[in-house]
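Below you'll find the structure, written out as structure tokens, and then a few comments.
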Amino acid sequence: MHEHVYQRINLARQALADSVTILSHHYQKDEVVAHADFVGDSFLLSKRVAEESCSPNIVFCGVRFMAETADILTRGERCVILPDEKAGCSLADMATEKELEECWEYLSSLGLRLVPVAYVNSSAEVKAFCGRYGGATCTSSNAQQVFRWALSQGDSILFLPDEQLGRNMAAKMGLAAEQVARWSRQEKRVLPEVKPRLIVWDGHCNVHTEFKVEHVMHARRAYPDAMVIVHPECKPEVVDLADDVGSTEHLIRLVTSAPAGSTWVVGTEINLVRRLARQNPDKEVFCLDPYARPCPGMDCISASSLLSALEALVRGQPEGVIRVTGDIAECARLALKRMLDIGRL
Ligand code: 13P
Ligand code: SF4
């Protein structure tokens with residue numbers, strides 16, 4: 001069945017020639033990555049879209065916020081397609097614009113000069129809010145740089161929606177635990193209230209918070225010589241026990257540049273870990289949780305859904321087009337551009 005689908009994808013690509021670029025996040029399945037023109041983490045994909053002259057159609061094999069980011073950065077001048085409308089990010093869904101407005105109103109009463117920073121894993125509305133109020137977006141690759149910039153612009157950062165990434169960055173930057181407060185969506189308050197330098201939203205990634213301290217302990221016993229490396233969306237207590245932490249590209253670099261015979265236990269999305277194991281047959285590569293499940297949003301997309309998206313383009317009737325318009329697109333672009341500019345400082 002795959003072979004038949006692959007052949008049809010190739011035929012559709014021939015028909016579309018240079019009018020389509022297929023982008024893929026590293027968490028996509030092999031059957032999708034096999035057809036990508038460019039594979040990257042969220043930061044590299046955003047940079048690519050912002051800097052390169054892509055074809056008029058971009059088929060984005062990732063999750064919704066990534067396709068929205070591509071549309072915002074290309075000013076709606078390209079047709080950005082998400083092959084499956086169910087491809088969402090549950091972390092991004094943990095912060096709505098309305099919740100953010102409530103939080104902002106509450107925090108404004110504390111008299112702090114706040115700079116809002118949105119992880120790119122957020123809706124276009126949340127990014128737009130940050131752009132409007134002098135803030136920026138960040139990815140796991142540049143969070144530390146963006147946090148530094150934000151602290152130079154105000155007293156405190158409001159970071160959303162990922163509590164774990166926020167806390168891990170605070171630790172990396174040497175902020176004391178008392179300088180980090182938490183916004184609770186349920187209680188609608190922030191604790192502690194005394195001069196926090198960073199306020200983290202109470203969202204989390206359902207995939208990365210599944211990695212537990214016990215998994216690290218088990219890996220240490222089972223593979224005493226292994227390096228344990230994790231993504232910064234993992235809980236701080238897991239990050240503390242790991243040998244290294246970093247963005248998707250950082251984790252890939254560590255494994256691919258390692259000497260033959262080394263052993264790696266990787267705490268991130270399983271599609272990527274399996275691919276790393278296959279692409280590095282001279283090393284041993286395991287997932288930190290042997291029973292890890294793929295990210296449901298990323299896993300929605302398949303070779304078949306990619307084929308449907310391409311064939312719809314061949315028919316001249318694109319399906320799954322992602323469009324962000326008006327003030328939301330303008331302000332979200334401002335927040336994204338600030339992030340890209342901070343990277344050039
Ligand atoms: P990266 O920024 O490392 O690509 O991660 C994106 C993501 O969704 C991680 O769960
Ligand atoms: Fe979102 Fe987590 Fe999936 Fe990344 S792994 S896309 S943060 S749900």
Side-chain angles (χ1 to χ4, degrees), residues 23-29 32-33 36 38-50 60-70 82-84 86-95 117-123 126-127 136-147 159-166 168-169 200-211 229-235 238-239 242 244-255 266-276 287-289 292-301 336 339-340 343:
L23 299 181
S24 168
H25 190 271
H26 288 294
Y27 294 176
Q28 291 289 306
K29 297 195 261 260
V32 174
V33 169
F38 184 76
V39 187
D41 71 354
S42 336
F43 181 63
L44 281 189
L45 290 167
S46 305
K47 237 172 91 141
R48 176 92 179 186
V49 164
F60 209 119
C61 301
V63 286
R64 177 171 296 269
F65 76 80
M66 296 177 180
E68 283 181 351
T69 299
L82 184 66
D84 189 319
K86 297 184 297 306
C89 164
S90 53
L91 168 61
D93 294 341
M94 288 181 198
V117 175
Y119 192 25
V120 284
N121 300 42
S122 57
S123 67
V126 165
K127 290 183 181 77
T137 61
C138 74
T139 71
S140 58
S141 294
N142 58 18
Q144 204 178 342
Q145 255 179 312
V146 175
F147 276 31
F159 177 63
L160 74 162
D162 190 17
E163 175 174 355
Q164 322 305 330
L165 178 64
N168 288 324
M169 283 306 129
V200 290
W201 193 264
D202 63 351
H204 64 276
C205 163
N206 288 323
V207 174
H208 287 92
T209 52
E210 279 302 300
F211 297 113
I229 57 173
V230 298
H231 192 278
E233 288 172 12
C234 293
K235 292 184 171 171
V238 172
V239 171
D244 207 334
V245 55
S247 67
T248 303
E249 290 296 338
H250 179 75
L251 301 179
I252 294 171
R253 243 187 336 264
L254 286 175
V255 175
V266 189
T268 193
E269 211 273 345
I270 187 71
N271 279 321
L272 169 60
V273 181
R274 288 198 184 124
R275 186 169 316 114
L276 275 174
C287 186
L288 182 54
D289 173 2
R293 317 265 315 151
C295 163
M298 293 279 181
D299 213 47
C300 281
I301 297 176
L336 285 160
M339 167 184 82
L340 295 169

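When a residue number appears, it is its place in the shown sequence, counting from 1. Just follow the structure's listing: the first ligand is 1, and inside any ligand the first atom is 1.
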**Study point:** Heavy-atom closest contact (Lys86 atom, Asp84 atom, distance)
**Key:** N-OD1, 2.7 Å
Review point. Who's the nearest protein heavy-atom neighbour of atom 8 (O) of ligand 1, and how far?
Key: Asn121 ND2, 3.0 Å
Review point. Tell me, do Thr248 and Ile252 make a side-chain contact under 4.5 Å, heavy atoms counted?
Key: yes
Review point. In the protein, what heavy atom is nearest to atom 3 (O) of ligand 1, and what distance, to one decimal place, separates them?
Key: Thr248 OG1, 2.5 Å
Exercise for review: Could you check His208, His231, Glu233 and say which one makes a side chain to side chain donor-acceptor pair (under 3.5 Å) with Thr268?
Suggested key: His208
Check your understanding: Would you call His25 a ligand 1 contact, heavy-atom distance under 4.0 Å?
Key -> yes
Check your understanding: Does one side chain, of Asp41 or Thr139, offer a donor that lies under 3.5 Å from an acceptor on the other?
Key -> no
Practice item. Please verify whether a non-hydrogen atom of His26 lies at under 4.0 Å from ligand 1. Key: no
Exercise for review: Locate the shortest heavy-atom distance separating Arg275 from Lys29; write the atom from each residue and the value.
Suggested key: NH2-C, 3.6 Å
Check your understanding: Taking Asp162 for the side chain and Leu91 for the main chain, is one N or O donor matched with an acceptor at less than 3.5 Å?
Key -> no
Review point. Can you list the protein N, O or S atoms less than 2.8 Å from atom 3 (Fe) of ligand 2?
Key: Cys295 SG
Practice item. Say whether, by atom type as modelled, one donor and one acceptor occur between the side chain of Lys127 and the main chain of Ser122 under 3.5 angstrom. Key: yes
Check your understanding: Closer than 4.0 angstrom: is that true for some heavy atom of His231 and an atom of ligand 1?
Key -> yes
Practice item. Report the nearest protein non-hydrogen atom to atom 2 (O) of ligand 1: residue, atom name, distance rounded to 0.1 Å. Key: Ser42 OG, 2.8 Å
Check your understanding: Under a 4.0 Å heavy-atom limit, does Glu269 contact ligand 1 with its side chain, its backbone, both, or neither?
Key -> neither
**Study point:** Glu233: numbered ligand 2 atoms lying under 4.0 Å from its heavy atoms
**Key:** 2 (Fe), 7 (S)
Review point. What do you reckon, does Cys205 put a non-hydrogen atom under 4.0 Å from ligand 1?
Key: no
Practice item. Please name all residues satisfying salt bridge (Lys or Arg N to Asp or Glu O under 4.0 Å) with Asp93, sequence neighbours left out, ordered by chain then number. Key: none
Practice item. Look only at the side chain of Asn271 and the backbone of Tyr27, and say whether a donor-acceptor pair between them is shorter than 3.5 Å. Key: yes
Exercise for review: Look only at the side chain of Trp201 and the backbone of Met94, and say whether a donor-acceptor pair between them is shorter than 3.5 Å.
Suggested key: yes
Review point. Looking at atom 10 (O) of ligand 1, what's its closest protein heavy atom, distance included?
Key: Glu233 OE1, 2.8 Å
Check your understanding: ligand 1 versus Tyr27, non-hydrogen atoms closer than 4.0 Å: side chain, backbone, both, neither?
Key -> side chain
**Study point:** Mutual orientation of the aromatic rings belonging to Phe159 and Phe147 [parallel < 30°, tilted 30-60°, perpendicular > 60°]
**Key:** perpendicular
